[in-house]
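The structure appears right after this line, and notes come after that.
Because the structure is predicted, anything quoted here is derived from the model rather than measured. Values below: all heavy atoms of this structure, side chains included; hydrogens, waters and symmetry mates excluded.
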Protein chains: 2
Amino acid sequence: MTSVRIDLSRSTSIFHALSDETRLAVVQMLGDGERCVCDLQAALDVAQSRLSFHLKVLKEAGLVSDRKDGRWSYYTLVPDALTEAHDIVHTLASPRSAESHALTVLGRCCG
Amino acid sequence: MTSVRIDLSRSTSIFHALSDETRLAVVQMLGDGERCVCDLQAALDVAQSRLSFHLKVLKEAGLVSDRKDGRWSYYTLVPDALTEAHDIVHTLASPRSAESHALTVLGRCCG
DNA sequence: GTAATATATCAGAAAAAATTGATATATCAA
DNA sequence: TTGATATATCAATTTTTTCTGATATATTAC
């Protein structure tokens with residue numbers, strides 16, 4: 001199994017992005033595929049500037065990406081980012097050398 | 001594959017607990033096994049009340065448990081909690097019905 | 001007993017994150 | 001062109017989180 005060293009701040013950034021109910025709901029909706037902001041807003045019933053703020057947090061954490069088409073912005077999950085999050089959690093659950101404070105990701109654990 | 005419905009607030013609580021470098025470092029150390037607070041403090045070089053605060057956040061999220069023995073408190077990872085975190089992330093990466101806002105955990109994806 | 005140690009908790013300060021309402025920008029429709 | 005729509009951003013405020021220093025409690029050592 002490959003082993004990749006990552007930094008704690010990347011990990012906390014991802015977890016922080018996932019630590020809010022509105023943002024999790026967005027991620028959940030995007031799990032079904034690309035959505036425009038207007039659809040997210042209609043489904044989640046949040047103020048427009050607030051949704052925009054949360055989308056920015058997700059984007060800065062690398063969890064979603066966006067593209068513009070006409071008047072609409074479409075957001076999509078970045079599949080690698082969730083895989084990364086998955087691997088980090090998996091790694092946290094596994095023992096490693098006590099003296100190493102750098103987090104060593106163990107690599108893909110499932111298909 | 002079994003499918004368990006969980007709530008968003010449980011998920012955000014877990015992710016919030018993991019969204020801090022000190023707390024991640026603690027989780028990492030506990031990955032090797034139980035540690036007393038004094039050992040964590042020595043290794044992480046943080047103020048005592050600050051470490052105590054972070055341990056409380058982890059404990060309230062159900063990620064660690066503690067036991068008292070004489071003057072010392074020992075903290076351990078709660079293995080089920082990391083498995084739960086792992087499953088939640090795994091679930092987030094998978095499509096599900098758009099109208100369901102409850103997060104449906106797909107179940108164990110790897111041994 | 002007294003002193004030292006390990007830890008938790010508390011109050012206040014500081015820092016960070018989230019919310020709100022307003023405004024700006026671009027695009028499209030009429 | 002005028003007006004409406006989709007979205008982003010900004011400033012001000014509010015809320016939440018974190019940090020610090022002090023104090024409290026229990027345990028053990030002397």
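Contact check, A:His16 against C:dA18: a side-chain N or O comes under 4.0 Å of OP1 or OP2. Checking the phosphate oxygens (OP1, OP2) of C:dT19, a side-chain nitrogen or oxygen of A:His54 falls inside 4.0 Å.
Which of C:dA18, D:dC19, C:dT20 sits closest to the side chain of A:Ala47 comes down to C:dT20.
Remark: B:Glu34 engages B:Arg67 in a side chain to side chain donor-acceptor pair (under 3.5 Å) (not counting sequence neighbours). Among residues two or more places apart in sequence or in another chain, the side-chain contact (heavy atoms from CB on, under 4.5 Å) test is passed with A:Cys36 by A:Cys38, A:Asp39, A:Trp72, A:Tyr74.
At distances below 3.5 Å, not a single donor-acceptor pair connects side-chain atoms of B:Ser13 with backbone N or O atoms of B:Ser9. Formation of a donor-acceptor pair under 3.5 Å by the B:Ser73 side chain with backbone atoms of B:Asp69 is not found in this model.
No side-chain heavy atom of B:Phe53 sits less than 4.5 Å from a side-chain heavy atom of B:Ser49. At a threshold of 4.5 Å between non-hydrogen side-chain atoms, the residues A:Leu24 and B:Ile88 do not count as touching.
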For nucleotides 6-9 of chain D, which of its nitrogen or oxygen atoms have a protein nitrogen or oxygen under 3.5 Å away, and what is each distance?
residue, atom, partner, partner atom, Å
D:dA6, O3', A:Arg71, O, 3.4
D:dT7, OP1, A:Val37, N, 3.3
D:dT7, OP1, A:Ser73, N, 3.1
D:dT7, OP1, A:Ser73, O, 3.4
D:dT7, OP2, A:Cys38, N, 2.5
D:dT7, O3', A:Ser73, OG, 3.3
D:dA8, OP1, A:Tyr75, OH, 2.7
D:dA8, OP2, A:Ser52, OG, 3.1
D:dA8, N7, A:Gln48, OE1, 3.4
D:dA8, N7, A:Gln48, NE2, 2.7
D:dA8, N6, A:Gln48, OE1, 3.0

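Atom pair A:Arg23:CZ and C:dA18:C1' shows a separation of 9 Å (rounding to whole Å applied). Rounded to whole Å, atom C1' of D:dT17 lies 16 Å from atom CD of B:Glu21.
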